[in-house]
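Read through the structure below, which is laid out as structure tokens, and then see the notes.
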Number of protein chains: 2
Amino acid sequence: MRSKQDTLYVGSLAKGLRLLRAFDEEHTELSLAELAQRTGLDKSATQRLANTLHVEGMLDKDPDTRRFRPSHAWLQMAYAYYWSDPLVGQAMPKLIDLSQDLGETVNLTELSGDHIVYVSRLPCKRTYFAATIVGRRLPALSTSAGRAMLATFPAAERAAAVEGWSLRRFTPTTTLDRDEIGKSVEQAVRDGYSISTGQMILNEIGVASPIIGPGGRAYAAVQCSVSAHTWTRDRVIQEIVPKLQDTANAISPSFQTQRGGGFSGA
Amino acid sequence: MRSKQDTLYVGSLAKGLRLLRAFDEEHTELSLAELAQRTGLDKSATQRLANTLHVEGMLDKDPDTRRFRPSHAWLQMAYAYYWSDPLVGQAMPKLIDLSQDLGETVNLTELSGDHIVYVSRLPCKRTYFAATIVGRRLPALSTSAGRAMLATFPAAERAAAVEGWSLRRFTPTTTLDRDEIGKSVEQAVRDGYSISTGQMILNEIGVASPIIGPGGRAYAAVQCSVSAHTWTRDRVIQEIVPKLQDTANAISPSFQTQRGGGFSGA
DNA sequence: TTTTGCGTATCATATAATAATACACGCAGC
DNA sequence: GCTGCGTGTATTATTATATGATACGCAAAA
């Protein structure tokens, strides 16, 4: 049915991508049948597409169980991404310094629609698995990083975002009240950083400072997560925030002018 | 021409993947014409495939320059990979401890054909960019990690690998003499670890210890890179190797039995 | 101004993807 | 040990779908 834009839309390619997207936290290894079920494609199509992805090295296949798994090529995609994102190269050395200085986990996040994406992570303490790996997407409104970035936007956009961006409950203490989130964002406007507690994980304090880009708008942030067992909000503000802001500010200059915020997604 | 396996090979999908692979260290941002040139596809095909990838969120497009770039989805691929690789979850906390203990860069690498892939990196010191990001592929024979893993293979396989696996020059001091590499591997067989100098970068000392998997064969290794300006080979062996081996050995047990080395690529 | 290169859009053609079908295998229950 | 189900695999005729030549508009270069 040549759905989207008719002639310049290749359905087979799109279907192949659906196979790739079928793998996530809870589906780490899929059989042909599962793949077909999860993608909604019929058995034959799944077979052909999965086979192609296997031959092309995008999917590994267990010779015994015949189940498919993401291949190392998936990591190479990240490798290529890192080279293409000018921010990463600028930020990395400074983030390393910061993490060594603080002795706490430091992250680089970017805005992606109404979500944030962890682009680089420098774990210094043992934490839960998801906090140690890159590529995670979280609703921006539920994270200190998202709020810190949003705080650099014009008031009208802030309000619209607080109103409309997606939310999801992660812990019993995740804030779902948009008014409260709005206040947190406005606080970040005044402070120049954002701090939050127990949004993604219980007893976790997150604090973030925006990396100012073109037009004064931030599309990235330096973020730091610490345990509420060893830290208090006040101590974080006194001891971490200044260094966090210094780091973010040190990264910002290179991005004031170039790269006009462009590069839109679909 | 339905090249590979005729009926269960979807050419359009494979072509789409070629577009993705066109992005690398030196090609971080490509125009339609460049994309066509690099993939060998004609203009129309490139146009349709790139458009599809854009619509599906795999490629960002600068509205002004009309050039394409890897999107955040490329990082999400890495995210999915991490969940699917059982080794990462097991290793991560121990790697964090090790890096904090040593105060030096610690890496987790896996074997992928005759190359190694950096699966996780915990940089503690500023280094060159490529050493801070995951997904990099390097010829196994040129790396301490590759040699450490190879050393766990049967003698015949070791010999065949030393003879046949690919090599490439990275620095003036990269060893291209296969006899010498063979000796290094045999040394690793005796020592249980491998150490090398200036293979990838001048004045860099690399040392690696294998993570023993099923059948006593290693498909992964814990690796550590330090600067020859502040370290000597002997000091590395005395101060780093023991802790490195402890860490690798602590990760190994879970992989002695399960996951029969399977999951072959194409 | 002319030329060149690029991104975009359209269209007739037949190639290449489709989905139905059939077979082989392992496993559960009976 | 037989039967039936679920799976992975393989083959086929059919036509929908991807193709690539062609043409247009717009820049920047000559």
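Fair warning: this is a prediction, and the values are worked out from it, not measured in the lab. Order of the sequence lines fixes the chain letters, A, B, ..., with proteins taken first and strands second; residue numbering starts at 1 for each chain.
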Residues A/Glu110 and B/His72: side-chain donor-acceptor under 3.5 angstrom: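 There is such a pair (donor and acceptor under 3.5 Å, judged by atom type) between the side chains of A/Glu110 and B/His72.
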
Under 3.5 Å, is there a donor on one side chain and an acceptor on the other for B/Arg66 and B/Ser31? no

Check B/Pro70 against A/Ala80 and note the closest heavy-atom contact, atom names and distance.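 For B/Pro70 and A/Ala80, the tightest heavy-atom pair comes out as CG-O, 4.4 Å.
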
Salt-bridge test for B/Asp24 and B/Arg38: reply yes if a basic N is under 4.0 Å from a carboxylate O, no otherwise.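 A salt bridge is present here (some side-chain N lies under 4.0 Å from a carboxylate O).
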
Can you measure [X] atom [atom1] to [N] atom [atom2] for me and round it to whole angstrom units?
| X | N | atom1 | atom2 | value |
| --- | --- | --- | --- | --- |
| B/Arg48 | C/dA16 | CZ | P | 12 Å |
| B/Asn51 | D/dA18 | CG | P | 12 Å |
| A/Leu13 | C/dA16 | CG | P | 17 Å |
| A/Lys15 | C/dA19 | NZ | C1' | 10 Å |
| B/Leu49 | D/dT17 | CG | P | 16 Å |
| A/Asp64 | D/dT7 | CG | P | 18 Å |
| A/Tyr9 | D/dT17 | OH | P | 12 Å |

Whether A/Tyr82 side chain and A/Val119 backbone form a donor-acceptor pair below 3.5 Å: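 A pair under 3.5 Å: yes.
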
Counting only pairs under 3.5 Å, give me each side-chain donor-acceptor contact of residues 152-163 of chain B, with atom names and distances, residues two or more places apart or in other chains.
| residue | atom | partner | partner atom | Å |
| --- | --- | --- | --- | --- |
| B/Thr152 | OG1 | B/Met149 | O | 2.7 |
| B/Thr152 | OG1 | B/Ala218 | N | 2.8 |
| B/Glu157 | OE1 | B/Arg217 | NH1 | 3.1 |
| B/Glu157 | OE1 | B/Arg217 | NH2 | 2.9 |
| B/Glu157 | OE2 | B/Arg217 | NH1 | 2.7 |
| B/Arg158 | NE | B/Glu186 | OE2 | 3.0 |
| B/Arg158 | NH1 | B/Phe153 | O | 2.7 |
| B/Arg158 | NH2 | B/Glu186 | OE1 | 3.1 |

B/Ser44 side chain, from C-beta outward: closest of C/dT18, D/dT12, D/dA21: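 Closest nucleotide among those given: D/dA21.
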
I need a per-nucleotide contact map over nucleotides 3-8 of chain C, read 5' to 3'. Cutoff is protein heavy atoms under 4.0 Å; write B for the base, S for backbone only, - otherwise. ---SBB

By the 4.0 Å heavy-atom rule, please label B/Ser12 as base, sugar-phosphate, or nothing.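 Here B/Ser12 touches the backbone only, sparing every base.
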
